[in-house]
Amino acid sequence: MELDFGPAVRDFRDEVRDWLADHLVGEFAEHRGVGGPTDGAAWEVRLAWDRELSADGWLGIGWPQEYGGRGLGLLEEIVFEYEYARVNAPYRATVNALDLLGPMLLKMGSETQKKRFLPPILAVEELWGQGFSEPGAGSDLASVRTRAERDGDEWVVSGQKVWTSFGIHADWIYVLTRTDPQSARHKGLSLLLVPTDQPGVEIRPIRNLAGQDEFAEIFLSDARTGADMVVGEVGQGWRTAMATLGIERGTTLLPQQLTFEREAEALIALARERGALDDPMLRRRIVDAWISVRIMRTTNLRTIAELTAGRTPGAQATTAKLYASTRHQQLGQLATELAGPAGQIVGEDYALDRRQRSFLLALAETIYGGSSEIQRNIIGEQVLGLPKEPRP
């Protein structure tokens with residue numbers, strides 16, 4: 001896939017291409033495409049790669065210069081992410097802070113918080129985890145029970161968080177807590193920044209189907225953080241959290257879709273190798289898989305065009321996550337079927353090949369980032385105007 005974003009960013013595109021050609025070498029080149037939002041593979045290599053990017057100013061290129069960024073625009077961000085994905089560079093280890101926390105602080109954080117936390121994020125000196133979901137508050141985030149009480153110049157936080165991506169590596173977590181014990185649902189919540197290196201924080205890894213421990217559960221037992229570590233206003237944490245979840249912009253759309261296109265191309269190559277294209281039923285499913293990634297491309301380009309024009313993305317942006325996650329699972333299922341018995345054989349110490357790992361990790365895509373059930377409710381209520389689902 002080749003895209004030309006126009007003469008305004010052509011020099012910048014060439015700069016990105018030249019840098020990647022010069023630096024994506026050696027051990028980094030050996031790990032092309034490694035990692036993902038739920039894939040903790042080759043963590044130390046990816047961390048070193050992030051530091052390589054940081055040294056030449058390629059992290060947070062859209063962030064203001066006073067906080068360590070380059071102060072470039074959305075179009076440059078999209079060009080960088082596209083070129084980055086085009087060469088199949090390693091998935092960034094610092095993505096949680098770069099794509100979620102950092103933009104949230106830029107939008108809603110205090111000046112003190114911005115100066116304190118943004119430069120270390122870009123320098124890859126501090127890693128972050130997200131403390132939103134709980135055992136009884138996953139898709140229904142408004143049901144959080146983790147509480148925080150004010151004690152002089154500090155907040156005292158107690159509760160449990162779960163499914164924190166790369167939580168075992170986090171130096172800090174941003175935690176959605178209930179600061180008003182008399183409140184319910186969306187009211188009385190606050191978002192706090194909490195350091196993990198203290199006695200009141202215990203982080204336990206959670207192993208997934210692929211044998212990795214990129215997820216973690218976090219136990220907070222009278223953990224402490226400063227009174228000034230509230231992002232936004234006290235009691236307005238729901239608004240802050242929704243702003244965080246809404247930050248996923250067009251910069252992440254094309255890279256994901258490019259990954260799916262590569263998998264579809266590999267699927268077609270496997271089908272040719274196995275002679276599966278002679279089977280009309282399989283051929284139909286393969287064509288359908290290829291059509292699905294082309295639909296993703298068209299959807300993503302529409303969304304990016306709206307973003308760069310300064311418009312609010314249309315209905316296709318709301319449906320994109322649901323469509324991509326379900327279709328990716330179907331793509332992985334088909335690839336596994338085509339591989340046959342050989343696709344079920346693992347390596348030494350349960351080592352998985354790329355196709356097996358992608359298939360297993362894709363099973364979680366309809367859960368994290370908003371489950372498919374919740375996504376369908378949002379589409380039904382906000383896009384189609386259907387009545388809201390009854391609540392118990």
Side-chain angles (χ1 to χ4, degrees), residues 47 50-72 77 92-132 146 148-159 161 164-177 179 189-201 203 216 218 220 222-249:
L47 206 56
D50 279 13
R51 294 191 175 109
E52 187 91 356
L53 290 163
S54 171
D56 287 337
W58 293 109
L59 298 184
I61 61 174
W63 295 13
Q65 294 180 349
E66 59 263 36
Y67 308 124
R70 294 177 64 172
L72 301 178
E77 289 185 68
R92 292 189 289 276
T94 50
V95 67
N96 201 321
L98 289 171
D99 289 358
L100 293 174
L101 175 72
M104 178 191 70
L105 288 178
L106 286 169
K107 184 176 182 179
M108 308 193 73
S110 67
E111 188 61 27
T112 300
Q113 291 168 349
K114 294 175 187 177
K115 291 179 178 178
R116 163 62 184 86
F117 293 113
L118 295 180
I121 288 174
L122 296 185
V124 198
E125 294 172 350
E126 292 179 341
L127 302 180
W128 286 80
Q130 184 187 83
F132 280 10
T146 296
E149 300 176 358
R150 185 71 178 267
D151 181 19
D153 293 333
E154 293 183 314
W155 290 99
V156 181
V157 187
S158 295
K161 296 295 180 178
T164 298
S165 297
F166 312 127
I168 60 174
H169 305 289
D171 301 299
W172 287 76
I173 52 175
Y174 49 106
V175 185
L176 188 63
T177 67
T179 48
L189 300 173
S190 301
L191 196 140
L192 305 181
L193 309 177
V194 180
T196 62
D197 187 14
Q198 58 172 306
V201 178
I203 301 176
I218 301 176
L220 303 162
D222 294 333
R224 291 180 174 266
T225 193
D228 58 344
M229 290 293 104
V230 179
V231 181
E233 300 177 23
V234 175
Q236 297 298 316
W238 182 258
R239 184 174 64 179
T240 306
M242 291 304 99
T244 305
L245 295 175
I247 280 168
E248 297 175 279
R249 290 156 44 177

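Quick note: numbers below take in every heavy atom, side chains included, and nothing from hydrogens, waters or symmetry partners.
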CZ on Arg92 to CG on Leu59, rounded to 0.5 Å: 7.0 Å
query: At what distance, to the nearest 0.5 angstrom, does CD1 of Ile173 lie from CD1 of Ile218?
result: 4.0 Å
- request: Examine distances only and state if a side-chain atom of Ser110 and a backbone atom of Gln113 form a donor-acceptor pair shorter than 3.5 Å.
  value: yes
- prompt: Quick check: does any side chain N or O of Asp50 sit under 3.5 Å from a backbone N or O of Thr94, one acting as donor and the other as acceptor?
  reply: yes
message: Please check: side-chain N/O of Ser190 versus main-chain N/O of Thr177, any donor-acceptor pairing under 3.5 Å?
response: no
message: Just so I know, are the side chains of Thr179 and Leu189 near enough to count as touching, which here means a heavy-atom distance under 4.5 Å?
response: no
field: Shortest non-hydrogen contact between Pro103 and Leu98, atoms and distance
entry: CD-O, 3.1 Å
Asp228 CG to Leu192 CG distance, which is reported to the nearest 0.5 Å: 10.5 Å
task: Mind checking the CG-CE spacing from Leu106 to Met104? Nearest 0.5 Å is all I need.
output: 10.0 Å
message: Go through it in stages, so that I can follow the logic: the residues are Leu191 and Leu193, the test is side chain to side chain contact (heavy atoms under 4.5 Å, CB included), and I'd like the CA-CA distance, side-chain angles, deciding distance and then a yes or no.
response: CA-CA 7 Å; Leu191 196 140; Leu193 309 177; 4.3 Å; yes
- prompt: Is there side-chain contact between Lys161 and Leu176, with heavy atoms separated by less than 4.5 Å?
  reply: yes
- request: Check whether NZ of the Lys or CZ of the Arg Arg224 lies under 6.0 Å from the centre of the six-membered ring of Trp155 and within 45 degrees of that ring's axis.
  value: no
Contact check, side chains of Pro195 and Asp171, non-hydrogen atoms, under 4.5 Å: no
query: Rounded to the nearest 0.5 Å, what separation is found between the CG atom of Leu72 and the CD atom of Gln65?
result: 8.0 Å
message: Ignoring hydrogens, what is the shortest heavy-atom contact between Gly232 and Thr240? Give both atom names and the distance.
response: CA-OG1, 4.3 Å
Contact summary for Gly200 and Ala223, nearest pair of heavy atoms: O-CB, 3.7 Å
query: Say you draw a straight line from CG of Asn96 to CD1 of Ile121; how long is it, rounded to the nearest 0.5 Å?
result: 9.5 Å
message: With a sphere of 6.0 Å drawn around CG of Asp56, does it hold more than 12 non-hydrogen atoms of other residues, nucleotides or ligands?
response: yes
- prompt: Would you call Lys114-Glu66 a salt bridge at under 4.0 Å N-O?
  reply: no
task: Please examine the side chains of Phe166 and Leu127, heavy atoms only from C-beta on, and report whether any two atoms are closer than 4.5 Å.
output: no
- prompt: Testing Leu100, Val231, Val194, Leu105 for side-chain contact (heavy atoms from CB on, under 4.5 Å) with Tyr174, which one passes?
  reply: Leu100
message: If you apply the rule side chain to side chain contact (heavy atoms under 4.5 Å, CB included), what do you find for Tyr67 with Lys115, and how did you get there?
response: CA-CA 6 Å; Tyr67 308 124; Lys115 291 179 178 178; 4.1 Å; yes
Least distance between heavy atoms, Ala97 atom then Trp128 atom: CB-CD1, 3.9 Å
- prompt: Do Arg116 and Glu126 touch side chain to side chain, with heavy atoms closer than 4.5 Å?
  reply: yes
- prompt: Any idea which heavy atoms bring Ala170 and Gly129 closest together, and the distance?
  reply: CB-N, 3.6 Å
- prompt: Can you name the nearest heavy-atom pair linking Ser54 to Val124, along with the distance?
  reply: CB-CG2, 3.9 Å
